[in-house]
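What follows is a short report on a single structure.
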Amino acid sequence: MSKINHNPTPEVLAAFDFGGEAAGALRYGQGHINDTFAVYTQQKDGSAKRFLLQRINTDVFKNPAHLMANVLGVTEHLKKKIREAGGDPERETLNVVPTRTGDAFYTDKEGGAWRCYLFIEGGYCLQAAENADQFAAAGRSFGRFLRLLEDYPADTLYETIEHFHDTRRRLDNFRTVLAADPLGRAGDVPAEIDFVLARQDDCAVLMDLLEAGKLPLRVTHNDTKLNNIILDRRTGEGLCVIDLDTIMPGLVLNDFGDSIRFGASTAAEDEPDLDKVHFDIGLYRAYTEGYLSAAGDALTAKEKECLPWGAKLMTLECGMRFLTDYLEGDTYFKIHREGHNLDRCRTQFRLVAEMEQQWDAMHRTVHEFA
Ligand code: ADP
Ligand code: GN1
Ligand code: MG
(Lines give C-alpha, C1' and ligand atoms only; values in the text may rest on other atoms or scores of the structure.)
(Ligands and ions follow the chains in the order given, each with its own letter.)
Protein backbone atom coordinates (compact mmCIF):
# COMPACT_ATOMS: atom_id res chain seq x y z
CA MET A 1 0.00 0.00 0.00
CA SER A 2 1.21 3.51 -0.69
CA LYS A 3 1.68 4.46 2.96
CA ILE A 4 3.93 7.43 2.42
CA ASN A 5 2.71 10.77 1.22
CA HIS A 6 4.83 11.65 -1.79
CA ASN A 7 3.40 15.08 -2.58
CA PRO A 8 5.92 17.19 -4.47
CA THR A 9 7.84 19.51 -2.16
CA PRO A 10 8.85 23.09 -3.10
CA GLU A 11 12.31 21.64 -3.82
CA VAL A 12 10.82 19.33 -6.46
CA LEU A 13 8.61 22.01 -8.01
CA ALA A 14 11.59 24.35 -8.22
CA ALA A 15 13.57 21.77 -10.18
CA PHE A 16 11.45 22.22 -13.33
CA ASP A 17 10.99 25.25 -15.51
CA PHE A 18 7.23 25.52 -15.90
CA GLY A 19 7.53 28.84 -17.72
CA GLY A 20 5.75 30.52 -14.80
CA GLU A 21 4.89 30.08 -11.16
CA ALA A 22 3.62 26.77 -9.77
CA ALA A 23 0.52 27.51 -7.70
CA GLY A 24 0.04 23.95 -6.42
CA ALA A 25 -0.14 20.28 -7.24
CA LEU A 26 -3.03 17.84 -6.92
CA ARG A 27 -2.99 14.07 -7.10
CA TYR A 28 -4.20 12.93 -10.49
CA GLY A 29 -5.33 9.77 -12.31
CA GLN A 30 -5.77 6.18 -11.20
CA GLY A 31 -2.50 4.44 -11.99
CA HIS A 32 -1.36 1.61 -9.69
CA ILE A 33 2.36 2.32 -9.86
CA ASN A 34 3.61 5.90 -9.99
CA ASP A 35 2.55 8.93 -7.94
CA THR A 36 0.93 11.28 -10.40
CA PHE A 37 0.12 14.98 -9.92
CA ALA A 38 -1.28 17.81 -11.98
CA VAL A 39 0.77 20.94 -11.35
CA TYR A 40 -1.18 24.16 -11.82
CA THR A 41 0.90 27.11 -12.99
CA GLN A 42 0.39 30.71 -13.90
CA GLN A 43 2.40 31.59 -16.99
CA LYS A 44 4.24 34.88 -17.41
CA ASP A 45 1.45 36.17 -19.66
CA GLY A 46 -1.09 35.43 -16.92
CA SER A 47 -2.58 32.34 -18.54
CA ALA A 48 -3.04 29.07 -16.64
CA LYS A 49 -1.20 25.92 -17.70
CA ARG A 50 -1.12 22.42 -16.24
CA PHE A 51 1.79 20.00 -16.19
CA LEU A 52 1.82 16.31 -15.39
CA LEU A 53 4.38 15.56 -12.68
CA GLN A 54 5.21 12.01 -11.62
CA ARG A 55 7.28 10.44 -8.93
CA ILE A 56 8.58 7.33 -10.63
CA ASN A 57 8.10 4.23 -8.51
CA THR A 58 11.72 3.18 -8.09
CA ASP A 59 10.77 0.01 -6.19
CA VAL A 60 9.25 -1.13 -9.48
CA PHE A 61 11.54 0.69 -11.92
CA LYS A 62 15.00 0.28 -10.42
CA ASN A 63 16.80 2.40 -12.97
CA PRO A 64 14.99 5.67 -13.74
CA ALA A 65 17.83 6.83 -16.01
CA HIS A 66 17.35 3.79 -18.25
CA LEU A 67 13.60 4.20 -18.12
CA MET A 68 13.77 7.85 -19.17
CA ALA A 69 16.28 7.04 -21.93
CA ASN A 70 13.67 4.65 -23.35
CA VAL A 71 10.92 7.27 -23.05
CA LEU A 72 13.03 9.97 -24.71
CA GLY A 73 14.10 7.69 -27.55
CA VAL A 74 10.63 6.39 -28.26
CA THR A 75 8.88 9.76 -28.00
CA GLU A 76 11.42 11.41 -30.32
CA HIS A 77 10.76 8.66 -32.86
CA LEU A 78 7.00 9.05 -32.46
CA LYS A 79 7.18 12.85 -32.76
CA LYS A 80 9.01 12.55 -36.05
CA LYS A 81 6.36 10.19 -37.43
CA ILE A 82 3.50 12.32 -36.12
CA ARG A 83 5.02 15.43 -37.72
CA GLU A 84 5.41 13.62 -41.04
CA ALA A 85 1.75 12.63 -40.89
CA GLY A 86 0.75 16.27 -40.27
CA GLY A 87 -0.28 15.61 -36.65
CA ASP A 88 0.41 17.52 -33.45
CA PRO A 89 3.50 16.08 -31.73
CA GLU A 90 2.74 17.96 -28.50
CA ARG A 91 -0.58 16.15 -28.04
CA GLU A 92 -0.26 12.84 -29.86
CA THR A 93 2.62 11.58 -27.77
CA LEU A 94 4.18 12.34 -24.40
CA ASN A 95 6.58 15.30 -24.24
CA VAL A 96 9.19 15.29 -21.50
CA VAL A 97 9.66 18.66 -19.79
CA PRO A 98 13.34 18.66 -18.76
CA THR A 99 14.64 19.85 -15.40
CA ARG A 100 16.29 23.25 -15.12
CA THR A 101 19.63 21.47 -15.56
CA GLY A 102 18.44 19.85 -18.79
CA ASP A 103 17.96 16.35 -17.37
CA ALA A 104 15.05 14.05 -18.10
CA PHE A 105 14.27 13.61 -14.39
CA TYR A 106 15.12 15.13 -11.01
CA THR A 107 16.37 13.21 -7.98
CA ASP A 108 15.20 14.83 -4.74
CA LYS A 109 16.96 14.86 -1.35
CA GLU A 110 15.21 11.63 -0.32
CA GLY A 111 16.23 9.90 -3.53
CA GLY A 112 12.80 10.20 -5.19
CA ALA A 113 12.90 10.38 -9.01
CA TRP A 114 10.57 12.96 -10.57
CA ARG A 115 9.70 13.59 -14.20
CA CYS A 116 7.42 16.01 -15.88
CA TYR A 117 5.33 15.84 -19.06
CA LEU A 118 3.29 18.39 -20.92
CA PHE A 119 -0.29 17.91 -19.78
CA ILE A 120 -2.40 16.66 -22.68
CA GLU A 121 -5.50 18.85 -22.60
CA GLY A 122 -8.77 18.21 -24.37
CA GLY A 123 -8.73 14.48 -23.74
CA TYR A 124 -9.99 11.97 -21.21
CA CYS A 125 -9.02 8.60 -19.82
CA LEU A 126 -11.61 5.88 -19.32
CA GLN A 127 -11.57 3.38 -16.47
CA ALA A 128 -14.08 1.31 -18.47
CA ALA A 129 -15.40 1.41 -22.02
CA GLU A 130 -18.85 2.97 -22.10
CA ASN A 131 -19.60 1.45 -25.49
CA ALA A 132 -18.07 -0.73 -28.18
CA ASP A 133 -17.08 2.23 -30.38
CA GLN A 134 -14.83 3.64 -27.68
CA PHE A 135 -13.14 0.31 -27.24
CA ALA A 136 -12.67 -0.10 -30.99
CA ALA A 137 -11.00 3.34 -30.98
CA ALA A 138 -8.63 2.09 -28.28
CA GLY A 139 -7.85 -0.93 -30.47
CA ARG A 140 -7.05 1.29 -33.45
CA SER A 141 -4.87 3.45 -31.25
CA PHE A 142 -2.75 0.62 -29.88
CA GLY A 143 -2.62 -0.99 -33.33
CA ARG A 144 -1.31 2.24 -34.80
CA PHE A 145 1.16 2.58 -31.95
CA LEU A 146 2.62 -0.82 -32.87
CA ARG A 147 2.99 0.26 -36.50
CA LEU A 148 4.66 3.55 -35.58
CA LEU A 149 7.31 1.68 -33.61
CA GLU A 150 7.81 -1.10 -36.14
CA ASP A 151 11.10 0.38 -37.33
CA TYR A 152 12.34 1.45 -33.89
CA PRO A 153 15.69 -0.20 -33.06
CA ALA A 154 14.57 -2.66 -30.38
CA ASP A 155 18.12 -3.46 -29.27
CA THR A 156 18.56 0.12 -28.01
CA LEU A 157 15.77 -0.30 -25.45
CA TYR A 158 16.57 -1.10 -21.84
CA GLU A 159 14.52 -3.81 -20.17
CA THR A 160 12.93 -1.60 -17.49
CA ILE A 161 11.45 -4.59 -15.64
CA GLU A 162 13.14 -7.89 -16.35
CA HIS A 163 10.94 -10.78 -17.51
CA PHE A 164 7.90 -8.51 -17.18
CA HIS A 165 5.44 -10.68 -19.09
CA ASP A 166 7.17 -14.02 -18.75
CA THR A 167 4.07 -15.82 -17.51
CA ARG A 168 6.07 -18.95 -16.65
CA ARG A 169 8.30 -16.95 -14.31
CA ARG A 170 5.27 -15.20 -12.85
CA LEU A 171 3.94 -18.67 -12.03
CA ASP A 172 7.25 -19.70 -10.45
CA ASN A 173 7.24 -16.55 -8.38
CA PHE A 174 3.67 -17.22 -7.28
CA ARG A 175 4.65 -20.75 -6.20
CA THR A 176 7.65 -19.43 -4.24
CA VAL A 177 5.54 -16.85 -2.40
CA LEU A 178 2.80 -19.42 -1.78
CA ALA A 179 5.32 -21.83 -0.26
CA ALA A 180 6.69 -19.11 2.04
CA ASP A 181 3.24 -17.64 2.79
CA PRO A 182 4.86 -14.78 4.70
CA LEU A 183 1.62 -13.37 6.16
CA GLY A 184 -0.26 -16.62 6.60
CA ARG A 185 -2.88 -15.54 4.08
CA ALA A 186 -2.81 -18.63 1.85
CA GLY A 187 -5.40 -20.39 4.00
CA ASP A 188 -7.94 -17.67 3.12
CA VAL A 189 -7.72 -18.23 -0.62
CA PRO A 190 -7.79 -21.96 -1.48
CA ALA A 191 -10.08 -21.51 -4.49
CA GLU A 192 -7.84 -18.85 -6.04
CA ILE A 193 -4.73 -20.97 -5.46
CA ASP A 194 -6.39 -23.98 -7.07
CA PHE A 195 -7.47 -21.84 -10.00
CA VAL A 196 -3.83 -21.04 -10.78
CA LEU A 197 -2.51 -24.53 -10.12
CA ALA A 198 -5.08 -25.99 -12.52
CA ARG A 199 -3.66 -23.78 -15.31
CA GLN A 200 0.07 -24.21 -14.81
CA ASP A 201 0.62 -25.67 -18.26
CA ASP A 202 -1.19 -22.75 -19.90
CA CYS A 203 1.37 -20.35 -18.44
CA ALA A 204 4.05 -21.81 -20.73
CA VAL A 205 2.15 -21.72 -24.02
CA LEU A 206 3.32 -18.38 -25.44
CA MET A 207 6.80 -18.45 -23.93
CA ASP A 208 7.34 -21.89 -25.50
CA LEU A 209 6.30 -20.56 -28.92
CA LEU A 210 8.63 -17.58 -28.51
CA GLU A 211 11.54 -19.81 -27.60
CA ALA A 212 10.78 -22.12 -30.52
CA GLY A 213 11.07 -19.13 -32.85
CA LYS A 214 7.39 -19.31 -33.79
CA LEU A 215 6.50 -15.90 -32.39
CA PRO A 216 8.61 -12.76 -32.94
CA LEU A 217 9.70 -10.16 -30.43
CA ARG A 218 8.58 -6.64 -31.34
CA VAL A 219 8.71 -3.24 -29.70
CA THR A 220 5.62 -3.39 -27.53
CA HIS A 221 3.98 -1.23 -24.88
CA ASN A 222 3.33 -3.97 -22.31
CA ASP A 223 0.74 -2.07 -20.26
CA THR A 224 -2.08 -1.45 -22.71
CA LYS A 225 -4.99 -0.95 -20.40
CA LEU A 226 -7.66 1.49 -21.41
CA ASN A 227 -6.58 4.17 -18.93
CA ASN A 228 -3.21 4.28 -20.65
CA ILE A 229 -4.78 5.97 -23.66
CA ILE A 230 -6.00 9.53 -23.78
CA LEU A 231 -9.04 9.79 -26.03
CA ASP A 232 -9.82 13.02 -27.86
CA ARG A 233 -12.77 14.79 -26.27
CA ARG A 234 -13.71 16.23 -29.65
CA THR A 235 -13.66 13.10 -31.81
CA GLY A 236 -13.68 10.15 -29.37
CA GLU A 237 -10.70 8.73 -31.24
CA GLY A 238 -7.46 7.76 -29.51
CA LEU A 239 -5.31 10.85 -29.12
CA CYS A 240 -2.24 9.66 -27.25
CA VAL A 241 -0.85 6.40 -25.88
CA ILE A 242 0.66 7.18 -22.48
CA ASP A 243 2.47 5.32 -19.68
CA LEU A 244 5.54 4.43 -21.72
CA ASP A 245 7.50 3.01 -18.76
CA THR A 246 7.31 -0.58 -19.93
CA ILE A 247 8.15 -0.17 -23.61
CA MET A 248 10.41 -3.11 -24.30
CA PRO A 249 10.78 -5.91 -26.79
CA GLY A 250 7.82 -8.19 -26.17
CA LEU A 251 5.00 -10.23 -27.67
CA VAL A 252 2.29 -8.41 -29.55
CA LEU A 253 -0.14 -10.88 -28.00
CA ASN A 254 0.53 -9.39 -24.60
CA ASP A 255 -0.44 -5.93 -25.79
CA PHE A 256 -3.62 -7.23 -27.37
CA GLY A 257 -4.30 -9.38 -24.32
CA ASP A 258 -3.77 -6.71 -21.69
CA SER A 259 -6.26 -4.43 -23.43
CA ILE A 260 -8.84 -7.21 -23.51
CA ARG A 261 -8.35 -8.22 -19.89
CA PHE A 262 -8.98 -4.68 -18.67
CA GLY A 263 -11.44 -3.40 -21.24
CA ALA A 264 -13.58 -6.34 -22.37
CA SER A 265 -15.08 -6.68 -18.93
CA THR A 266 -18.51 -5.56 -17.79
CA ALA A 267 -17.04 -4.28 -14.50
CA ALA A 268 -14.05 -2.53 -13.03
CA GLU A 269 -10.83 -4.43 -12.44
CA ASP A 270 -11.46 -4.22 -8.68
CA GLU A 271 -15.24 -4.83 -8.60
CA PRO A 272 -15.96 -6.70 -5.35
CA ASP A 273 -19.31 -8.08 -6.56
CA LEU A 274 -18.37 -10.89 -8.93
CA ASP A 275 -21.94 -11.19 -10.21
CA LYS A 276 -21.24 -7.97 -12.09
CA VAL A 277 -18.06 -9.25 -13.72
CA HIS A 278 -18.34 -10.84 -17.13
CA PHE A 279 -16.17 -11.21 -20.19
CA ASP A 280 -18.02 -9.22 -22.86
CA ILE A 281 -17.53 -10.89 -26.22
CA GLY A 282 -19.07 -7.85 -27.96
CA LEU A 283 -16.35 -5.60 -26.54
CA TYR A 284 -13.74 -8.21 -27.44
CA ARG A 285 -15.07 -8.18 -30.98
CA ALA A 286 -14.95 -4.37 -31.20
CA TYR A 287 -11.36 -4.22 -29.97
CA THR A 288 -10.26 -7.06 -32.25
CA GLU A 289 -11.72 -5.31 -35.26
CA GLY A 290 -10.10 -1.99 -34.33
CA TYR A 291 -6.74 -3.51 -33.49
CA LEU A 292 -6.51 -5.67 -36.60
CA SER A 293 -7.67 -2.86 -38.87
CA ALA A 294 -4.71 -0.77 -37.68
CA ALA A 295 -2.05 -3.41 -37.04
CA GLY A 296 -3.25 -6.44 -38.99
CA ASP A 297 -0.76 -6.36 -41.86
CA ALA A 298 2.14 -6.32 -39.45
CA LEU A 299 1.10 -9.52 -37.70
CA THR A 300 2.08 -13.02 -38.76
CA ALA A 301 -0.53 -15.74 -39.21
CA LYS A 302 0.71 -17.39 -36.02
CA GLU A 303 0.35 -14.17 -34.07
CA LYS A 304 -3.22 -13.75 -35.26
CA GLU A 305 -4.03 -17.34 -34.41
CA CYS A 306 -2.69 -16.80 -30.89
CA LEU A 307 -4.57 -13.57 -30.07
CA PRO A 308 -7.09 -15.38 -27.83
CA TRP A 309 -4.17 -16.92 -25.94
CA GLY A 310 -2.81 -13.42 -25.41
CA ALA A 311 -6.12 -12.37 -23.88
CA LYS A 312 -6.42 -15.38 -21.63
CA LEU A 313 -2.81 -15.45 -20.46
CA MET A 314 -2.51 -11.73 -19.75
CA THR A 315 -5.66 -12.00 -17.65
CA LEU A 316 -4.43 -15.10 -15.84
CA GLU A 317 -0.99 -13.54 -15.33
CA CYS A 318 -2.42 -10.33 -13.97
CA GLY A 319 -4.74 -12.21 -11.60
CA MET A 320 -1.76 -14.26 -10.45
CA ARG A 321 0.27 -11.08 -9.87
CA PHE A 322 -2.56 -9.58 -7.78
CA LEU A 323 -2.83 -12.83 -5.80
CA THR A 324 0.94 -12.96 -5.29
CA ASP A 325 0.91 -9.36 -4.05
CA TYR A 326 -1.95 -10.18 -1.68
CA LEU A 327 0.03 -13.11 -0.26
CA GLU A 328 3.15 -10.94 0.05
CA GLY A 329 1.35 -8.19 1.94
CA ASP A 330 0.40 -5.73 -0.83
CA THR A 331 3.82 -4.32 -1.53
CA TYR A 332 3.66 -3.83 -5.33
CA PHE A 333 0.29 -2.47 -6.49
CA LYS A 334 -1.17 0.55 -4.71
CA ILE A 335 -4.18 -0.57 -2.68
CA HIS A 336 -6.94 1.61 -1.28
CA ARG A 337 -8.72 -0.89 0.97
CA GLU A 338 -8.11 -4.19 2.74
CA GLY A 339 -8.38 -7.11 0.34
CA HIS A 340 -8.10 -4.82 -2.68
CA ASN A 341 -5.61 -7.07 -4.47
CA LEU A 342 -7.76 -10.09 -3.72
CA ASP A 343 -10.81 -8.40 -5.26
CA ARG A 344 -8.69 -7.61 -8.32
CA CYS A 345 -7.44 -11.19 -8.52
CA ARG A 346 -10.98 -12.55 -8.38
CA THR A 347 -12.24 -10.39 -11.24
CA GLN A 348 -9.35 -11.57 -13.40
CA PHE A 349 -10.02 -15.23 -12.67
CA ARG A 350 -13.72 -14.77 -13.37
CA LEU A 351 -12.79 -13.32 -16.76
CA VAL A 352 -10.40 -16.18 -17.50
CA ALA A 353 -13.10 -18.73 -16.71
CA GLU A 354 -15.55 -17.00 -19.03
CA MET A 355 -12.95 -16.70 -21.81
CA GLU A 356 -12.46 -20.44 -21.54
CA GLN A 357 -16.21 -20.90 -22.01
CA GLN A 358 -16.15 -18.64 -25.08
CA TRP A 359 -12.88 -19.92 -26.48
CA ASP A 360 -14.25 -20.96 -29.88
CA ALA A 361 -16.13 -17.72 -30.34
CA MET A 362 -12.94 -15.78 -29.53
CA HIS A 363 -11.10 -17.63 -32.30
CA ARG A 364 -13.94 -17.20 -34.77
CA THR A 365 -13.92 -13.45 -34.14
CA VAL A 366 -10.21 -13.23 -34.95
CA HIS A 367 -10.72 -15.18 -38.18
CA GLU A 368 -13.50 -12.85 -39.17
CA PHE A 369 -11.23 -9.80 -39.06
CA ALA A 370 -7.82 -11.30 -39.79
P1 ADP B 1 0.82 4.74 -13.75
O2 ADP B 1 2.08 4.07 -14.26
O3 ADP B 1 0.83 4.89 -12.28
O4 ADP B 1 -0.38 4.07 -14.31
P5 ADP B 1 0.39 6.80 -15.77
O6 ADP B 1 1.58 7.30 -16.47
O7 ADP B 1 -0.49 5.86 -16.48
O8 ADP B 1 0.85 6.23 -14.35
O9 ADP B 1 -0.48 8.08 -15.33
C10 ADP B 1 -1.62 7.95 -14.48
C11 ADP B 1 -2.78 8.73 -15.08
O12 ADP B 1 -2.40 10.11 -15.25
C13 ADP B 1 -3.21 8.29 -16.46
O14 ADP B 1 -4.12 7.21 -16.41
C15 ADP B 1 -3.84 9.55 -17.02
O16 ADP B 1 -5.15 9.72 -16.52
C17 ADP B 1 -2.98 10.66 -16.44
N18 ADP B 1 -1.90 11.13 -17.33
C19 ADP B 1 -0.68 10.59 -17.49
N20 ADP B 1 0.07 11.31 -18.33
C21 ADP B 1 -0.68 12.35 -18.74
C22 ADP B 1 -0.46 13.50 -19.60
N23 ADP B 1 0.72 13.71 -20.19
N24 ADP B 1 -1.49 14.37 -19.76
C25 ADP B 1 -2.66 14.20 -19.15
N26 ADP B 1 -2.92 13.16 -18.31
C27 ADP B 1 -1.96 12.24 -18.10
C1 GN1 C 1 -0.07 -1.56 -13.46
O2 GN1 C 1 0.95 1.38 -14.11
P3 GN1 C 1 -0.45 0.93 -14.41
O4 GN1 C 1 -1.43 1.21 -13.30
O5 GN1 C 1 -0.88 1.44 -15.73
C6 GN1 C 1 0.98 -2.58 -13.88
C7 GN1 C 1 0.46 -3.44 -15.03
C8 GN1 C 1 -0.82 -4.15 -14.58
C9 GN1 C 1 -1.83 -3.09 -14.14
C10 GN1 C 1 -3.07 -3.71 -13.58
C11 GN1 C 1 4.55 -1.48 -14.27
O12 GN1 C 1 -0.35 -0.69 -14.55
O13 GN1 C 1 1.42 -4.41 -15.38
O14 GN1 C 1 -1.36 -4.89 -15.64
O15 GN1 C 1 -1.26 -2.24 -13.10
N16 GN1 C 1 2.20 -1.88 -14.28
C17 GN1 C 1 3.39 -2.29 -13.84
O18 GN1 C 1 -4.06 -2.75 -13.51
O19 GN1 C 1 3.55 -3.28 -13.12
MG1 MG D 1 -1.04 3.85 -16.22
Side-chain angles (χ1 to χ4, degrees), residues 2 6 25-40 49-62 64 67-68 70-71 75 89-97 114-128 138 159-167 170 173 220-233 239-248 250 254-255 257-263 265 268-271 313-325 331-336 340-341 343-345 347-348 351:
S2 177
H6 287 307
L26 290 178
R27 231 169 230 286
Y28 193 84
Q30 300 195 33
H32 294 342
I33 301 296
N34 296 310
D35 291 295
T36 303
F37 303 88
V39 177
Y40 293 79
K49 188 171 175 182
R50 286 194 283 187
F51 290 83
L52 202 288
L53 183 68
Q54 283 182 320
R55 185 180 188 278
I56 300 170
N57 184 332
T58 45
D59 292 334
V60 170
F61 299 106
K62 311 276 183 216
L67 186 157
M68 290 310 289
N70 281 0
V71 170
T75 53
E90 292 211 335
R91 293 183 75 231
E92 294 173 33
T93 188
L94 289 173
N95 283 257
V96 176
V97 177
W114 295 83
R115 54 129 180 261
C116 183
Y117 292 124
L118 292 183
F119 195 103
I120 297 162
E121 300 287 357
Y124 59 100
C125 272
L126 288 169
Q127 303 309 320
E159 206 176 351
T160 54
I161 300 176
E162 282 179 25
H163 310 294
F164 188 52
H165 285 317
D166 182 338
T167 313
R170 294 284 184 185
N173 186 44
T220 48
H221 183 283
N222 295 302
D223 190 0
T224 50
K225 58 185 183 179
L226 189 57
N227 64 12
N228 285 331
I229 295 189
I230 295 181
L231 297 167
D232 193 327
R233 204 170 280 291
L239 175 61
C240 181
V241 170
I242 59 169
D243 204 345
L244 305 178
D245 298 341
T246 49
I247 290 206
M248 290 180 271
N254 296 338
D255 275 5
D258 199 40
S259 290
I260 297 300
R261 98 167 166 81
F262 187 85
S265 170
E269 188 187 63
D270 61 354
E271 172 59 56
L313 288 193
M314 283 306 289
T315 314
L316 179 62
E317 180 190 286
C318 198
M320 204 158 64
R321 290 172 66 196
F322 289 140
L323 183 57
T324 307
D325 201 29
T331 59
Y332 187 92
F333 297 102
K334 285 183 201 300
I335 61 164
H336 306 291
H340 205 166
N341 273 316
D343 289 340
R344 290 172 177 150
C345 155
T347 64
Q348 302 305 292
L351 295 172

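Just so you know, ligand 1 is whichever comes first in the structure, and atom 1 is the first atom listed for that ligand. Throughout, numbering of the chain's residues begins at 1 and tracks the sequence.
- For ligand 2 and Asn228, the ligand atoms under 4.0 Å from any heavy atom of the residue are 5 (O).
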- Message: Could you walk me through whether Asn222 and His165 satisfy the side chain to side chain contact (heavy atoms under 4.5 Å, CB included) test, starting with their C-alpha distance in whole Å, then the side-chain angles of each, then the deciding distance to 0.1 Å, before giving a yes or no?
- Response: CA-CA 8 Å; Asn222 295 302; His165 285 317; 3.5 Å; yes
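- Close N/O approach between Asn227 and ligand 2 is not found [any backbone or side-chain N/O within under 3.5 Å].
- Ligand-side atoms of ligand 2 in range of Phe61: 11 (C), range being under 4.0 angstrom from any heavy atom.
- Side-chain contact between Arg55 and Asn34: absent, with no pair of heavy atoms (C-beta onward) separated by less than 4.5 Å.
- When side chains are defined from C-beta on, Asn95 does not count as touching Tyr117, because their heavy atoms never get closer than 4.5 Å.
- Here's the thing with Asn228: one of its N/O atoms is less than 3.5 angstrom from an N/O atom of ligand 1.
- Salt bridge annotation for Glu121-Lys49: absent, with no cationic side-chain nitrogen under 4.0 angstrom from a carboxylate oxygen.
- When distances from the Mg ion (ligand 3) to the N, O or S atoms of Asp243 are compared, OD2 comes out shortest.
- The shortest N/O to N/O separation between Tyr117 and ligand 1 does not fall below 3.5 Å.
- Nearest non-hydrogen protein atom to atom 22 (C) of ligand 1 is Leu52 CG, 3.7 Å.
- At the top of the distance list for atom 13 (C) of ligand 1, counting protein heavy atoms only, stands Ile242 CD1, 3.5 Å.
- The closest protein non-hydrogen atom to atom 9 (C) of ligand 2 is Lys225 NZ, 3.5 Å.
- For Asp243 and Lys225, the salt-bridge test fails: no basic side-chain N is under 4.0 Å from an acidic carboxylate O.
- Interface of His32 with ligand 2, defined as ligand atoms under 4.0 Å from a residue heavy atom, comprises 4 (O), 10 (C), 15 (O), 18 (O).
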- Message: The test is side chain to side chain donor-acceptor pair (under 3.5 Å); show your working for Gln348 and Thr315 and say whether it passes.
- Response: CA-CA 6 Å; Gln348 302 305 292; Thr315 314; 5.0 Å; no
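- Numbered from 1 in the order shown, with element, the atoms of ligand 1 that lie under 4.0 Å from a heavy atom of Leu94 read 23 (N).
- Residue-ligand proximity, Phe322 to ligand 2, at heavy-atom distances under 4.0 Å covers atoms 10 (C).
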- Message: Using the rule given for side chain to side chain contact (heavy atoms under 4.5 Å, CB included), can you reason through Thr36 versus Arg27, listing the C-alpha separation, both sets of side-chain angles and the distance that settles it, and then say yes or no?
- Response: CA-CA 6 Å; Thr36 303; Arg27 231 169 230 286; over 6 Å; no
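- The environment of CD in Glu159 is crowded: more than 12 heavy-atom neighbours from other residues, nucleotides or ligands sit within 6.0 Å.
- For Asp243, a nitrogen or oxygen atom sits less than 3.5 Å from a nitrogen or oxygen atom of ligand 2, counting backbone and side chain alike.
- Distance alone, capped at 3.5 Å, is enough to place a donor-acceptor pair between the Asp325 side chain and the Thr331 backbone.
- Residue Arg115 places no N or O, backbone or side chain, under 3.5 Å from any N or O of ligand 1.
- Looking only at heavy atoms of the protein, atom 10 (C) of ligand 1 is closest to Thr36 OG1, 3.8 Å.
- Below 4.0 Å from some heavy atom of Gly31 lie the following atoms of ligand 2, by number and element: 4 (O).
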- Item | side chain to side chain contact (heavy atoms under 4.5 Å, CB included) between Asn228 and Val241, worked out | CA-CA 6 Å; Asn228 285 331; Val241 170; 5.9 Å; no
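- In this structure, Thr93 contributes its side chain and Pro89 its backbone to no donor-acceptor pair below 3.5 Å.
- Atom 11 (C) of ligand 1 has as its closest protein heavy atom Gly29 CA, 3.9 Å.
- Among all non-hydrogen protein atoms, the one lying nearest atom 13 (O) of ligand 2 is Arg321 NH1, 2.8 Å.
- With ligand atoms numbered from 1 in the order given, ligand 1 contributes 24 (N), 25 (C), 26 (N) to contacts under 4.0 Å with heavy atoms of Ile230.
- With respect to atom 17 (C) of ligand 2, the closest heavy atom belonging to the protein is Tyr332 OH, 3.4 Å.
- For residue Asn227, no N/O/S atom approaches the Mg ion (ligand 3) to within less than 2.8 Å.
- With a 4.0 Å cut-off on non-hydrogen atoms, Asn222 does not touch ligand 2 at all.
- Screening His336, His340, Glu269 against His32 for a side chain to side chain donor-acceptor pair (under 3.5 Å) leaves a single residue, Glu269.
- Between Phe262 and ligand 2 there is no heavy-atom distance shorter than 4.0 Å.
- In this structure, OG1 in Thr246 is found 6.0 Å from CZ in Phe61, a value given to the nearest 0.5 Å.
- Panel note: side chain Arg170, backbone Phe164; a donor-acceptor pair is recorded below 3.5 Å.
- The shortest contact between atom 2 (O) of ligand 2 and any protein heavy atom is with Ile33 CG1, 3.1 Å.
- Residue Asp243 has at least one nitrogen or oxygen atom sitting less than 3.5 Å from a nitrogen or oxygen atom of ligand 1, judged on distance alone.
- When only non-hydrogen protein atoms are considered, atom 16 (O) of ligand 1 lies nearest to Cys125 SG, 3.3 Å.
- Defined by atom type and a distance below 3.5 Å, a donor-acceptor pair is missing between the side-chain atoms of Asp245 and Asn57.
- Residue Ile120 places at least one N or O, backbone or side chain, under 3.5 Å from an N or O of ligand 1.
- Of the protein's heavy atoms, Arg261 NH2, 3.2 Å lies nearest to atom 14 (O) of ligand 2.
- Ring planes of Trp114 and Phe37: tilted class, angle from 30 to 60°.
- What sits closest to atom 3 (O) of ligand 1 on the protein, heavy atoms only, is Asn34 N, 2.9 Å.
- In this structure, Thr224 and Met314 have side chains that are not in contact, with every pair of non-hydrogen atoms separated by 4.5 Å or more.
- If you check which protein heavy atom lies closest to atom 3 (P) of ligand 2, you get Asp223 OD2, 3.4 Å.
- The shortest N/O to N/O separation between Gln54 and ligand 1 falls below 3.5 Å.
- Nearest protein heavy-atom neighbour of atom 14 (O) of ligand 1: Asn227 O, 2.9 Å.
- For the pair Met248/Thr220, no side-chain contact is recorded, criterion being any heavy-atom separation below 4.5 Å from C-beta on.
- By the 3.5 Å distance cut-off applied to N or O atoms, Leu118 is counted among the residues near ligand 1.
- Between the side chain of Asn227 and the backbone N or O of Gly31, no donor-acceptor pair lies under 3.5 Å.
- In this structure, Glu121 does not count as a contact residue of ligand 1, since none of its heavy atoms falls inside 4.0 Å of the ligand.
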